[in-house]
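First comes the structure, then the notes that go with it.
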Amino acid sequence: MTTPDYRLSQLETLEAESIHVIREVVAELERPVLLFSGGKDSIVMLELARKAFAPARIPFPVMHVDTGLNFPDVLEFRDKRVAELGVQLIVASVPDAIAAGTVKEEPNGSRNRIQTPVLLDAVEEHGFTALFGGARRDEDKARAKERLFSFRDEFGQWDPKNQRP
Amino acid sequence: MADIPSAAQPGITPPVIDVHSPVAEHAVEIATARKDILRIATAGSVDDGKSTLIGRLLYDSKAIFEDQYEAVERASKGDYVDLALLTDGLRAEREQGITIDVAYRYFSTPRRTFILADTPGHVQYTRNMVTGASTADLAIVLVDARKGMLEQSRRHAFLASLLRVPHLVVAVNKMDLVGWSEEIFEAIRDEFSAFASKLNVPDLTVVPISALHGDNVVSHSTNTPWYEGTTLLHHLEHVHVASDRNLVDPRFPVQYVIRPQSDAHHDYRGYAGTVASGVLRPGDEVQVLPSGLTTTIAGIDGPRGPVDEAFPPMSVTIRLDDDVDVSRGDLICRPANAPTATQDIDALVCWMADEPLRPRQRIAIKHTTRTVRAVVKELTYRLDVNTLHRDSEAGELGLNDIGRVRLRATQPLFVDDYMRNRATGRFILIDEATNATVGAGMLTPAS
């Protein structure tokens, strides 16, 4: 790579910043986990994590909160990619949680809302202290207010008025 | 919230995206071109029209999708499309019509990519402004033409100068409401220039605008024939920032040690980190602090394999020729160009916690990747950010206060003057009991 003017592209800059953040979290926090569903946002996250620690393995597990409504191809890809990278995959299953009665199916059939308690339960069960997730800043206006580190209280709530500087 | 896929809906075919379409190719071009990135911090008082200006910049630079614009058009109450609705994202903000927290926005023109930190201007949010401006190349301070320079405008300009934001733009907004008066504009400009000359502002530009109508934001306004300067966007696109970066002093704080311990990479030992300043190349003789040992760089690995050189803000992994002991918090530099190693820290501190900072307090300092314990030796003075008065009698620094503080660290830190090197000239203060960030400091020489 030759860059006589010492400039990076926008993507390279964001990549460098992301790698920095991922390394910093691993250095500072005891038990991080990366949310990986096999979807496009989390593929980007997994690839950034791979780059951050190459040629070593990613030093933390990945977790999928499975709604039970995913395309089989995506799950197949998820398992294949995890095996290639040699990382541990933890699956927190929404259908299992429904069967166990910890969450209830919503009338409209969407499991977007009920996957949150399943996620929080899994975080508690495994003692995770940090979650890596990919979100697109332009998806919602409130997301532009998210910092790189989005602190949650013990109930998993976000207080945008009192974020850490 | 984290990335969790929405449920797959049987029977709905996803739209086919043509990656070779002109739109897609344009997007790829923008993301991969080696363009300058300009980091902007904005500040303004309540009702100065900051959110409207940002909405205007996003809209006029085509960073807003049609459907977003239409939604805002429907939600607008008055005669005009309320562009502020594009930026004020939190419900409490829309209800109160104010900005509460820093929001980051991205937009791009063919010349440059912009990352804009929209920071609230009220006094109680000084800490947010410090957060937003600490990495900025340029700060925009908004002034309402009807009100002129307020105490808040002074504070914003002062904070920008304190944080050594190299370029300051004063946007005199709502010019339409003062009949596009040249006299009013000139009075504000002169008053601001006089104030700025007392601060360390290397580059000041003043532009008369109407964010609501778009005058002098993207294109020259026919309402201000007397104004011969550039439009706001033109200035943002052309302001010279390349020389603001430090490419002279190599500084590489080690973030993480990479040891694969696998058969394929049995002897691999790499030091991962982000280049804080300067340029590093394989073959360079380097020194590792605090050990002081010297060795040479065997190779540098980037995200896509080995690279010939590493410069800021690249995240890389450095391999060294000799098997020297290096761990997180160490710093790699050149033997003839090393930072100052010191346990005595004399810095300007912005305090960000409810509980005040007091002498003899114990605290942790995080400087680059190095965290050490320290004790507050002395509060030399507290600064009044409105009058610039230094109160040497102050016994504590409260929330949003700024003052000069002397700290004694248990281990040496490897520091540079903030004016020369923003990355190694700043630090944060951490409350060890709560792990909260309670302050931000800049190592500037006492004057």
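This one's a predicted model, so the numbers in the text were calculated from it and none came from an experiment. Chain identifiers are assigned alphabetically (A, B, ...) following the order of the sequence lines, protein sequences preceding nucleic acid strands; residue numbering begins at 1 within each chain.
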| task | Pick one of side chain, backbone, both or neither for B:Val257, based on which atoms fall under 4.5 Å of a heavy atom in chain A. | result | neither
| query | What pair of heavy atoms forms the shortest contact from B:Pro313 to A:Thr13, and how long is it? | reply | CG-CG2, 4.2 Å
| query | Who among A:Ala56, A:Pro55, A:Ala27 has the most heavy-atom pairs with chain B under 4.5 Å? | reply | A:Pro55
| field | Between B:Asp301, B:Thr317, B:Val279, the one whose heavy-atom pairs under 4.5 Å with chain A are most numerous | value | B:Val279
| said: Does A:Glu30 have more than 12 heavy atoms from other residues, nucleotides or ligands lying within 6.0 Å of its CD? | reply: no
| field | A:Glu105, CD atom: more than 12 neighbouring heavy atoms under 6.0 Å | value | yes
| said: If you count every heavy atom of other residues, nucleotides or ligands that lies below 6.0 Å from B:Arg245 atom CZ, does the total exceed 12? | reply: yes
| note | Cut-off 4.5 Å, heavy atoms of chain B, and the answer for A:Leu14 is side chain
| query | B:Arg281 and A:Tyr6: which non-hydrogen atoms are nearest, and at how many Å? | reply | NH2-OH, 2.7 Å
| request: Indicate whether the side chain of B:Ser315 and that of A:His20 have a donor and an acceptor atom separated by less than 3.5 Å. | output: no
| remark: Looking only at heavy atoms, the pair that brings A:Ala54 and B:Ile258 closest together is O-CD1, 4.0 Å
| said: Are the side chains of B:Met314 and A:Glu12 in contact, using a 4.5 Å heavy-atom criterion? | reply: no
| field | Full working for side chain to side chain donor-acceptor pair (under 3.5 Å) between B:Thr369 and A:Arg23 | value | CA-CA 11 Å; B:Thr369 57; A:Arg23 287 171 173 169; over 6 Å; no
| query | chain B: which of A:Arg50, A:Glu28, A:Met45, A:Glu47 shares the most heavy-atom pairs with it under 4.5 Å? | reply | A:Glu28
| message | Under a 3.5 Å distance rule, please check whether A:Glu24 uses its side chain to pair with a backbone N or O of B:Gln255 as donor and acceptor. | response | no
